[in-house]
Visitor: 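Have a look at this one before I ask anything.
Proteins come first, then strands; the chains are lettered A, B, ... in the order of their sequence lines, and each starts at number 1. From a predicted model like this one, the values you see are computed outputs, not experimental measurements.
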Number of protein chains: 2
Amino acid sequence: MEIQGLPGRLLADLGPAIASGALPEGTVLRAEELEQRHGVSRTVVREAVRILESMRMVEPRRRVGITVRPKGDWDVFDPLVIRWRLAGADRSAQLRSLGSLRVAVEPAAAALAARCADDDDRRELSALAVELTVTARAADLEAFLAHDIAFHAVVLRASGNEMFAHLKDTVGAVLTGRTEHRLMPHRPREYAVQLHREVAEAVCAGDPERAERAMRTIVVGALEELDATLPD
Amino acid sequence: MEIQGLPGRLLADLGPAIASGALPEGTVLRAEELEQRHGVSRTVVREAVRILESMRMVEPRRRVGITVRPKGDWDVFDPLVIRWRLAGADRSAQLRSLGSLRVAVEPAAAALAARCADDDDRRELSALAVELTVTARAADLEAFLAHDIAFHAVVLRASGNEMFAHLKDTVGAVLTGRTEHRLMPHRPREYAVQLHREVAEAVCAGDPERAERAMRTIVVGALEELDATLPD
DNA sequence: AACACTCAAAAGTATGACGATTAGGTTTCG
DNA sequence: CGAAACCTAATCGTCATACTTTTGAGTGTT
């Protein structure tokens with residue numbers, strides 16, 4: 001999944017540095033300096049910079065250097081950019097954006113899933129709803145998180161829309177992030193778990209409206225909790 | 001916006017070739033072959049391949065070559081991937097996916113816009129609604145398209161959510177695509193134009209429910225028209 | 001002050017050499 | 001005969017260097 005090799009390591013250094021604001025908009029890097037500071041060759045620097053350029057985070061210009069572009073230009077849907085931002089300073093803003101995106105997408109995905117899911121999807125969803133209930137009662141946060149991520153991933157996949165399906169990692173990152181940073185109740189709320197069961201039932205019953213409504217309640221609740229908990 | 005230089009040209013060759021299915025999943029390319037076939041150096045080939053790798057469209061492996069990855073792995077949110085797919089064989093699938101995404105996102109964006117838009121946004125939106133009406137009456141498809149794109153871009157931006165805002169180019173690509181391929185009525189429907197005015201009014205009045213409802217009618221209508229018109 | 005000219009700085013490209021990894025065949029041993 | 005260890009060649013990965021192209025900025029001329 002990661003970019004491999006030395007360019008990958010350079011990227012893992014530069015990306016977070018830019019995303020965190022340590023290298024703010026307008027900062028000018030020079031390729032030769034990067035070579036020396038990281039002890040790598042021209043080739044490696046160029047490949048890493050090319051990738052950052054394709055994410056629209058930097059713009060190399062002759063006679064000038066490699067300039068950091070304004071945040072507004074970045075490819076905010078790129079998985080790497082999302083991860084870097086979640087790890088850095090504007091984690092709050094990123095979480096809020098992703099929260100709104102979830103509110104828009106996941107209810108629609110649930111409705112589609114109720115229409116399009118095949119038998120395997122439905123079985124898997126039911127099983128995960130059970131697992132969620134069990135791990136919530138046991139207050140096993142780690143297992144709960146894993147099943148929660150899997151649950152939302154199945155709904156997104158079952159929607160039959162490839163773009164929705166690809167948001168699974170993003171949603172997973174959000175759920176992981178908020179658990180890691182203690183942004184959620186110490187033990188899963190029974191009400192939330194019940195809503196997940198509701199989604200599973202509605203999808204199995206082929207009831208789009210009910211699935212959509214239950215999922216909306218889930219993600220709206222998550223967003224409100226986020227807004228209430230986030231610092232700034 | 002485009003990737004510059006020779007790697008950009010190579011990318012403009014390889015990307016569409018993969019996206020269109022001319023180089024199907026599992027195809028193995030060799031760097032040296034690409035050098036010769038395109039008359040460029042290793043440097044150039046490597047940079048282009050690195051970018052494709054970051055889009056998860058290819059995977060270079062030692063002793064094997066550069067293999068084309070299955071479609072399911074691609075970064076379907078990458079603007080370049082979207083453009084390549086829209087230009088190629090699975091244009092239909094791409095348009096459908098994007099249609100569903102619009103149905104999910106744009107109503108939510110309209111609701112947020114009704115809450116968050118500043119005075120400039122509201123003014124701009126009203127002006128664009130007027131322009132839409134005028135150019136629709138004149139059956140000036142080209143101008144209508146431009147204003148339509150601008151209209152949706154303003155709504156997305158005014159939502160205050162950076163991720164929504166970034167979908168503006170994507171939505172623009174969809175609108176352009178369907179006009180180019182005669183997938184819409186020969187002249188804009190009065191009903192659709194009226195709905196745009198309704199969105200503008202609701203946003204200006206700060207009425208989220210009304211804005212959301214009108215926008216949903218627009219995008220659902222567009223999706224249904226798409227489904228009715230698309231070949232397969 | 002406006003314009004043209006020059007120069008040097010930085011990225012862009014090409015090339016040859018070498019290193020590292022690994023698929024697939026070959027040998028060896030049980 | 002089969003399996004495990006071993007070797008080999010193919011291919012990507014990295015480095016170092018030289019050269020080319022673009023372009024911002026300074027210089028000087030009108």
Visitor: Please determine which of A/L226, A/V219, A/L167, A/T170 meets the side chain to side chain contact (heavy atoms under 4.5 Å, CB included) test together with A/R102.
Guide: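 One option only clears the test, and that one is A/V219.
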Visitor: How close do B/R85 and B/A93 get, counting heavy atoms only, and between which atoms?
Guide: NH2-CB, 4.1 Å
Visitor: Round to the nearest Å and state the distance from B/Q4 atom CD to D/dT20 atom P.
Guide: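 Distance, rounded to whole Å: 22 Å.
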Visitor: Looking just at side-chain N and O atoms, do A/E59 and A/T67 make a donor-acceptor pair shorter than 3.5 Å?
Guide: no
Visitor: Heavy atom of residues 11-19 of chain B under 4.0 Å from DNA chain D: which residues?
Guide: none
Visitor: Take atom CD of B/E47 and atom P of D/dT14, then tell me their distance rounded to the nearest Å.
Guide: 13 Å
Visitor: If you pin B/R61 and A/G39 to their nearest nucleotides in DNA chain D, which one's is more 5'?
Guide: B/R61
Visitor: Under 4.0 Å, heavy atoms only, any strand: does A/R42 hit a base, just the sugar-phosphate, or nothing?
Guide: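 Since a base atom lies under 4.0 Å of A/R42, the category is base.
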Visitor: Looking at D/dA9, I'd like to know if its phosphate oxygens (OP1 or OP2) sit under 4.0 Å from a side-chain N or O belonging to B/R62.
Guide: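 No, no such contact exists.
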Visitor: Hey, can you tell me if A/H152 and A/H196 have their rings parallel, tilted or perpendicular (30° and 60° cut-offs)?
Guide: perpendicular
Visitor: CG of B/L29 versus C1' of D/dC12: gap in Å, rounded?
Guide: 13 Å
Visitor: For DNA chain C, whose closest nucleotide is more 5', that of A/R63 or that of A/T43?
Guide: A/R63
Visitor: Grab the CD-P distance between B/E33 and D/dA10 for me, whole Å please.
Guide: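 The answer, rounded to whole Å, is 16 Å.
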Visitor: Reckon A/L34 touches a base, only the sugar-phosphate, or nothing at all at heavy-atom distances under 4.0 Å?
Guide: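 Counting heavy atoms under 4.0 Å across all strands, no contact is made by A/L34.
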Visitor: How close do A/T135 and A/A143 get, heavy atom to heavy atom, and via which atoms?
Guide: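 Shortest heavy-atom separation between A/T135 and A/A143 comes out as CG2-CB, 3.6 Å.
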Visitor: How about A/I3 and B/R50: do any of their side-chain heavy atoms sit closer than 4.5 Å?
Guide: yes
Visitor: If you fit an axis to the five pairs at each end of the helix from C/dA1-D/dT30 to C/dG30-D/dC1, how big is the angle between those two axes, to 10 degrees?
Guide: 10°
Visitor: Within this structure, what is the CZ-to-P distance between B/R50 and D/dC12, rounded to whole angstrom?
Guide: 12 Å
Visitor: May I ask you to decide whether B/R69 forms a salt bridge with B/E25, counting only side-chain N to carboxylate O separations under 4.0 Å?
Guide: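 B/E25 and B/R69: not salt-bridged.
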Visitor: Please state how far atom CZ in A/R46 lies from atom P in D/dT21, giving the value in whole angstrom units.
Guide: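 A/R46 atom CZ is separated from D/dT21 atom P by 15 Å.
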Visitor: I'd like to know whether CD of B/E32 has more than 12 heavy-atom contacts from other residues, nucleotides or ligands below 6.0 angstrom.
Guide: no
Visitor: What is the distance, rounded to the nearest whole Å, between atom CD of A/Q36 and atom C1' of D/dC15?
Guide: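 A/Q36 atom CD is separated from D/dC15 atom C1' by 15 Å.
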Visitor: Closest approach of B/M163 and A/F77, non-hydrogen atoms and distance?
Guide: O-CE1, 3.3 Å
Visitor: Can you tell me how far CG of A/L14 sits from CZ of A/R9, rounded to the nearest 0.5 angstrom?
Guide: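 So the CZ of A/R9 and the CG of A/L14 are separated by 13.0 Å.
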Visitor: Identify the 5'-most and 3'-most nucleotides of DNA chain C with at least one atom closer than 4.0 Å to a non-hydrogen atom of chain A.
Guide: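 Span of nucleotides near chain A: C/dA8 to C/dT13.
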Visitor: Among A/L145, A/L86, A/V171, whose side chain to side chain contact (heavy atoms under 4.5 Å, CB included) with A/T176 holds?
Guide: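 Of the listed options, the one satisfying the test is A/L145.
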Visitor: Can you tell me the distance, in whole Å, between the NE2 atom of A/H38 and the C1' atom of D/dC15?
Guide: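 Going from A/H38 (NE2) to D/dC15 (C1'), I get 17 Å.
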